[in-house]
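Each remark here refers to the structure printed beneath this line.
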Amino acid sequence: MDKKLFLAPSMGCCDLFDFAHQVEVIDARADFLHIDIKDGNYVKTYSIGPDFMASLAPHVSAPMDAHLMVRHPQWIVEECAKAGAAYITPHTDCIESDAFITFNKIISLGCKAGVALNPAASLEAIRPYLHLLSKVTIMIVDAGYAGQRVIEQMYSKIRTLASMRQDQGLDFLIEADGSMNADVYRPLYEAGADIVVLGSPALWSKDPDIEKAWGIMQSEIDSALEDAVRP
Ligand code: ZN
């Protein structure tokens, strides 16, 4: 079966006491390594930063994507690029006043530009700079907080984005992020998502042994997508 969804585990979820092993297992299987960076301001929670990516960089080959849940992303874009990010993904409402400067800076640093939209953010906001983007991340819950229910309206947002992409002849990837679980792979894929971000409920909580956990997650995806079709 051809791969239908690319997988982007959120590496901050790795078990610190089994870290090197989990990174090795995941890097050999994942399509992207998703790095969730939270500043305690744009979202009221904290997490890892660019130094985490810099530590991973010599040990991984999958492309790292810095998802910046950060109020002023311009200040760490350069640090993320230096740390080895392949993609840098700020949020729409953190770059409203300097979107073009931010994306051009990301691109000039040799990285691919992504953008993330919280559930309440409008797709119209990204229309002017869609052509600069390699990836658009649709948050299917509010960014930064664990344990939320997936907002089903986001399937139609992804569908709309997929048709914007087609109408404009663009090729950016569409990523779905937040509270990922076995119930949503199929509707996300059918709506037009290319990448799913995997957090603890989708991967790590399946089994303490990361190889077993990966196998369980993969078979959940395979059975969810078995006869799924893109519109
Ligand atoms: Zn994320």
Side-chain angles (χ1 to χ4, degrees), residues 7-23 26-27 30 32-60 62-99 102 105-106 109 111 113-121 135-151 154 175-181 195-205 208 210 213:
L7 305 179
S10 176
M11 299 305 283
C13 298
C14 285
D15 181 351
L16 277 182
F17 293 93
D18 186 29
F19 190 73
H21 172 239
Q22 296 206 351
V23 168
I26 292 169
D27 183 52
F32 299 89
L33 304 180
H34 189 85
I35 312 294
D36 280 315
I37 299 181
K38 307 171 194 173
D39 67 353
N41 180 356
Y42 178 59
V43 297
K44 305 298 177 259
T45 47
Y46 294 93
S47 70
I48 50 180
D51 50 342
F52 179 92
M53 264 189 296
S55 318
L56 281 188
H59 305 283
V60 298
M64 290 191 283
D65 173 20
H67 175 197
L68 303 181
M69 287 166 269
V70 171
R71 177 68 66 197
H72 300 292
Q74 304 82 347
W75 296 101
I76 67 160
V77 160
E78 218 162 314
E79 213 181 325
C80 288
K82 246 186 249 163
Y87 288 76
I88 299 180
T89 308
H91 271 258
T92 51
D93 44 356
C94 300
I95 54 163
E96 272 165 357
S97 57
D98 52 8
T102 306
K105 184 168 182 188
I106 291 171
L109 289 164
C111 301
V115 79
L117 291 90
N118 257 313
K135 183 183 62 109
V136 176
T137 300
I138 300 296
M139 295 303 308
I140 59 174
V141 300
D142 284 328
Y145 310 98
Q148 302 168 72
R149 273 180 74 95
V150 170
I151 302 161
M154 296 302 110
E175 178 176 71
D177 189 0
S179 294
M180 200 56 62
N181 69 78
I195 311 171
V196 288
V197 175
L198 307 172
S200 282
L203 175 60
W204 283 268
S205 70
I210 192 66

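Start at 1 with the first residue, then count along the sequence. Just so it is clear, the structure is predicted and the values come from calculations on it, not from any experiment.
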- Item | Exercise: identify the closest heavy-atom pair between His67 and Ala116 | NE2-CB, 3.8 Å

- Query: Do Val141 and Met154 have side-chain heavy atoms sitting under 4.5 Å apart?
  - Reply: no

- Item | Approximate separation, where rounding is to 0.5 Å, of Lys105 NZ and Cys111 SG | 11.5 Å

- Query: So, Asp177 side chain and Val197 main chain: donor-acceptor pair closer than 3.5 Å or not?
  - Reply: no

- If you take all heavy atoms of Gly114 and Pro90, which pair is closest and at what distance? O-CD, 3.1 Å

- Who pairs with Ser55 by side chain to side chain contact (heavy atoms under 4.5 Å, CB included), at least two apart in sequence or on another chain? none

- Query: Between Ser205 and Ser200, is there a donor-acceptor pair closer than 3.5 Å when you use the side chain of the first and the backbone of the second?
  - Reply: yes

- Criterion side-chain contact (heavy atoms from CB on, under 4.5 Å) on Leu198 and Val196, from CA distance to verdict: CA-CA 6 Å; Leu198 307 172; Val196 288; 4.1 Å; yes

- Message: Restricting to non-hydrogen atoms, name the atom on Gly12 and the atom on Ile48 that form the minimum distance, rounded to 0.1 Å.
- Response: CA-CD1, 3.9 Å

- Step by step, would you call Val150 with Asn181 a side-chain contact (heavy atoms from CB on, under 4.5 Å)? CA-CA 9 Å; Val150 170; Asn181 69 78; 4.2 Å; yes

- To the nearest 0.5 Å, what is the distance between OG (Ser47) and CE (Met69)? 6.0 Å

- Item | Close side-chain approach of Ile35 to Tyr87, heavy-atom, < 4.5 Å | no

- Nearest heavy-atom pair of Ala121 and Thr92: which atoms, and what distance? CB-OG1, 3.8 Å

- Supply the atom-to-atom distance Ile210 CD1 to Cys14 SG, rounded to the nearest 0.5 angstrom. 6.5 Å

- Counting only heavy atoms not in Tyr46, do more than 12 sit closer than 6.0 Å to its OH atom? no

- When rounded to the nearest 0.5 angstrom, what is the spacing between CG in Asp36 and CE in Met11? 11.5 Å

- Item | Steps toward side-chain contact (heavy atoms from CB on, under 4.5 Å) verdict (Leu203, Leu7) | CA-CA 11 Å; Leu203 175 60; Leu7 305 179; over 6 Å; no

- Any side chain to side chain donor-acceptor pair (under 3.5 Å) involving residues 140-149? Give me the pairs, sequence neighbours left out, ordered by first then second residue. none

- Could you label the plane-to-plane angle of the His91 and Tyr42 rings as parallel, tilted or perpendicular, counting under 30° as parallel and over 60° as perpendicular? tilted

- Identify the heavy atoms of Met139 and Pro119 that sit nearest to each other, and give their distance. O-CG, 3.6 Å

- Item | Check: Pro63 main-chain N/O paired with Asp65 side-chain donor or acceptor under 3.5 Å | no

- Message: Is there a side-chain contact between Cys80 and Leu68 in this structure, where contact means two heavy atoms from C-beta onward sitting under 4.5 Å apart?
- Response: yes

- Message: Between Thr137 (side chain only) and Glu175 (backbone N and O only), is there a donor and an acceptor less than 3.5 Å apart?
- Response: no

- Query: Under 3.5 Å, is there a donor-acceptor pair between the side chain of Asn118 and the main chain of Ala120?
  - Reply: no

- Message: Give me the atom names and distance for the closest heavy-atom approach of Ile26 to Trp204.
- Response: CD1-CZ2, 3.5 Å

- Item | CG on Asn41 to NE2 on His72, rounded to 0.5 Å | 6.5 Å

- Task: Report the C-alpha distance between Lys135 and Phe32 in whole Å, list the side-chain angles of each, state the deciding distance to 0.1 Å, and finish with yes or no for side-chain contact (heavy atoms from CB on, under 4.5 Å).
- Result: CA-CA 12 Å; Lys135 183 183 62 109; Phe32 299 89; 5.8 Å; no

- Message: When you measure from the side chain of Thr102 to the backbone of Gln74, do you find a donor-acceptor pair of N or O atoms at a distance under 3.5 Å?
- Response: no

- Separation between CG of Asp51 and CD1 of Ile37, rounded to the nearest 0.5 Å: 8.5 Å

